[in-house]
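Only one structure is covered here, and it is reproduced in the block below.
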Amino acid sequence: MLDGGDCCTAVEADPHQPLILERAEKEPEKKWHTVVSDRVKKHCSCSPEKAKSKILSFVPILQWLPHYKLKDWILGDIMSGLIVGILLVPQSIAYSLLASQDPIYGLYTSFFSSIIYAILGSSRHISVGIFGVLCLLVGQVVDRELALAGYLPESSFVSNNSDALLAGQGNSSNVKCDRSCYAITVGATVTFTAGIYQVLMGLLQVGFVSVYLSDSLLSGFATGASLTILTSQIKYLLGLKIPRPQGWFTLFKTWYSLFTNIAKTNICDLITSLVCLAVLIPAKELNDRFKSKLKAPIPFELFVVIIATLASHFGHFNSEYGSGVAGDIPTGFLPPQLPTWTLIPNVAVDAFSIAIVGFAITVSLSEMFAKKHGYTVDANQEMYAIGFCNILPSFFRCFTTSAALTKTLVKESTGCQTQMSGLVTAVILLLVLLVIAPLFYSLQKCVLAVIIVVNLRGALRKFRDVPRMWRVNKIDASIWLITMATSALVNTELGLLVGVLVSAFFVLGRTQQAQVLELGRAASREHYENVSSYHGLQTHFGVAVFRYGAPIYYANQSLFKKSLYKCANLKPVKEKAQHFKFEKNKNQEDTEEIPKGMSEDKQNKESEASSSVILMLDEKSSRNVRSLVIDCSGILFLDTAGVNALKEVRKDYRELAVEVVLAQCNTSVLDSLERGGYFDSRKDGEVGKNNMIFYTIADAVSYVQNLNVPNGDCDNKS
């Protein structure tokens, strides 16, 4: 309370009076058409300042490029862009194999994505390009569509007109589309569709969905997909020409095919694979161990590719030993072409899962590095950026891209300051595309497979962290294991869906497992905690205080009531049934005639015994509890079922002459109680709304103790 006048002096509150707070007036709810109209005006109105702001936010390079610190940043950006570009050359060629594409298309993909993200991306550090998991998903779709179109595995051309498409649709030339042409047509169509999904999600401002994909879910999914990638590359390490299996349980199908064809192993490919593994694995370990001392990682992959290409060329591995090689890699760029519209219905579902994975990986990495370096990124802008990194390159025969952790770490550790380094990377790739690409003709496919396998080390090392994850948090570890197992053993896309569902199940399960806890008061101050967790807490005579640490809604309202009745050791239905039974027996005894010959002393003894039984039952069942205080501080929200559950609890206990009051409700719970008629259900003449809600447990306990004390005695007993 405040005095009037020029100076406002606070009046000392009466310590015996409960805390009373006056709710602020709520803004009147707007009608739906008013809300829609306001939003349309907000987003569709245009002014020069707003237009400039929208353009700058949509094209972030226009914000940071005019303020680029040339002397401070250019050296780090050039160094990081150069190193990442050198690493991307062999990896782009290798991951094309995983996506069932020719090597040139991997170089196209890395080139265009580096330029577009540098223009539209809001992160300064992440490297966008080819990512193994997405290549696997794209490759699965491509192989499926090739099989449906009638293309034979590993064939280079199909002569059947019904199985061929016209190359360069829209052109007048009737050049038939071979297997490679149709593969990139499918890949580009998937990429275009995934990009459309991502841009639409950006327009709908659903960037927040990334928070629902936990680190354990994404890590488990990536690890499971890595096992599938590893299995898919074994055939190249052995030089086997077997088709990629489709459908579920591809891991088992692939290993079965490998074992049944093991006798056809190409010895030249096997020896080359073992030599390259023996070189690259220790070399990668050296890079990791001495990365703090090295200014830039040594590009061992590029050295291996160069040496292996020279050995294959001069040793005639392809012609003499039948070793599979990369083949013709043309220079320059092909003319742009539209996606095949008739393929979109076939790949729409696959493209959606690819879009979600690409977006989730990109946003999680961009937020991680932004937090590390002290700046912010816009999740919706990242959605736009990665969406256009897929839409625009799809016209130039590229496949799906996203951020990649390994290359991002290299980029950061070599001095990257801005996305100028991405433009430097694009220059390196452009040089390869225009001049150097044909020199990789003799590069063996088994060498590319070795590069892919060696780069899976980080994901596969996650298995070593499982015991630690289990000790830290069993739920997160379970999500990781289930997502990983489903992705690897059943189906890659299904693994992501199962991971999301399992995560949601565990969140709901936690609300199902919440228990009502009895609270006690600390001896030195007015603070209440769980009596089973701390020593020295005091309970109040005749008053029980309980806390429920979860929202009360339709799925757990019955569990809440059951837990409360069990914790209070006062079950209303059972108590009413027992009281009704004894009352019935007592009435029968009163109406029966006293048998002749029974002495007065015997009658008195039987009456006393009956009364003592009733008294003992009453004392046992009620525990002398005449009031319940429910601490609602842990109840985040109530739905209609939750409000009805609290009404039923109050009604059931009132019939046993036990008063129930609520304490420490947040405003959301108070609003739900008010809308649900919790306060209106009080009988006339009883305490009204203002005295039924207490802002502290101490006020609630004091109130119910006064109700229980006869003759108006206000002394509180602990």
Side-chain angles (χ1 to χ4, degrees), residues 60-61 63-95 106-107 109-132 283-284 286-303 305 361-377 382 385-386 389 401-433 436 451 455 458:
I61 193 173
Q63 293 181 337
W64 59 262
L65 189 59
H67 305 286
Y68 189 82
K69 299 178 181 179
L70 189 64
K71 293 182 179 180
D72 297 333
W73 293 348
I74 190 63
L75 184 60
D77 283 341
I78 290 177
M79 178 62 70
S80 62
L82 181 64
I83 296 298
V84 173
I86 293 173
L87 293 177
L88 267 178
V89 172
Q91 289 187 11
S92 298
I93 298 174
Y95 281 106
L107 294 170
T109 301
S110 296
F111 170 74
F112 284 109
S113 60
S114 297
I115 294 176
I116 295 171
Y117 188 82
I119 296 171
L120 299 178
S122 60
S123 172
R124 303 174 192 169
H125 294 88
I126 67 170
S127 175
V128 172
I130 291 179
F131 180 53
K284 286 281 190 177
L286 287 174
N287 265 341
D288 292 343
R289 180 169 297 183
F290 297 105
K291 63 182 178 181
S292 59
K293 298 180 180 179
L294 295 172
K295 293 184 178 180
I298 302 173
F300 288 107
E301 291 172 343
L302 185 62
F303 297 155
V305 165
I361 296 295
T362 302
V363 170
S364 61
L365 286 180
S366 60
E367 289 180 343
M368 179 175 70
F369 283 92
K371 183 178 179 181
K372 181 177 180 180
H373 292 276
Y375 62 94
T376 59
V377 293
E382 290 297 292
I386 199 65
C389 281
T401 58
S402 74
L405 177 60
T406 304
K407 292 185 283 291
T408 300
L409 289 172
V410 171
K411 192 173 182 178
E412 181 211 23
S413 63
T414 51
C416 172
Q417 299 293 330
T418 67
Q419 281 300 330
M420 182 66 74
S421 63
L423 298 177
V424 176
T425 298
V427 171
I428 302 298
L429 292 170
L430 180 63
L431 179 64
V432 174
L433 284 167
I436 305 175
I451 293 173
N455 281 286

Student check: side-chain heavy atoms of Ile451 and Tyr95 closer than 4.5 Å: no

With a 4.5 Å limit on heavy-atom distance, are the side chains of Thr406 and Leu87 in contact? no

Under the ring-ring contact (aromatic ring centres under 6.0 Å, His included) test, which residues partner Phe111, sequence neighbours left out? Phe333

Could you tell me which residues satisfy salt bridge (Lys or Arg N to Asp or Glu O under 4.0 Å) with Lys69, sequence neighbours excluded, listed by chain and number? none

Going by side chain to side chain contact (heavy atoms under 4.5 Å, CB included), name the residues that satisfy it together with Thr401, two or more places apart in sequence or in a different chain. Thr109, Ser113, Val128, Ile386, Cys389, Asn390

Sequence-distant partners of Glu367, salt bridge (Lys or Arg N to Asp or Glu O under 4.0 Å), two or more places apart: none

Residue pair Asn455 / Lys284, side-chain heavy-atom distance below 4.5 Å: yes

Those residues at least two apart in sequence (or on a different chain) that pass side chain to side chain contact (heavy atoms under 4.5 Å, CB included) with Leu409 are Phe369, Leu405, Glu412

Any luck finding a side-chain donor-acceptor pair between Ser110 and Ser92 under 3.5 Å? yes

Within a strict 4.5 Å, meaning less than it, do heavy atoms of the Ser127 and Tyr117 side chains meet? no

Quick check: does any side chain N or O of Gln419 sit under 3.5 Å from a backbone N or O of Ile119, one acting as donor and the other as acceptor? no

So do Trp64 and Ile61 actually touch side chain to side chain, heavy atoms under 4.5 Å? yes

I'd like to know if the side chain of Glu382 reaches the main chain of Ser122, judged simply by a donor and an acceptor atom lying under 3.5 Å from each other, with no hydrogens or angles considered. yes

Would you list the pairs meeting salt bridge (charged side-chain N to carboxylate O under 4.0 Å, His left out) in which at least one residue belongs to residues 119-132, sequence neighbours left out? none

Distance in Å, Leu430 CG paired with Leu107 CG, rounded so as to fall on 0.5 Å steps: 11.0 Å

Counting N and O atoms only, with roles assigned by atom type, does the side chain of Ser421 sit under 3.5 Å from a partner on the main chain of Gln417, one being a donor and the other an acceptor? no

More than 12 heavy atoms from other groups under 6.0 Å of CG on Leu431: yes

Give, for atom CG of Leu433 and atom CD1 of Ile428, the distance between the pair rounded to the nearest 0.5 Å. 11.5 Å

Should the heavy atoms of other residues, nucleotides or ligands under 6.0 Å from CE of Met79 be counted, would the total exceed 12? no

Side-chain donor/acceptor of Ser364 to backbone N/O of Ile361, under 3.5 Å: yes

Closest non-hydrogen atom pair, Ser114 against Thr425: OG-CG2, 4.0 Å

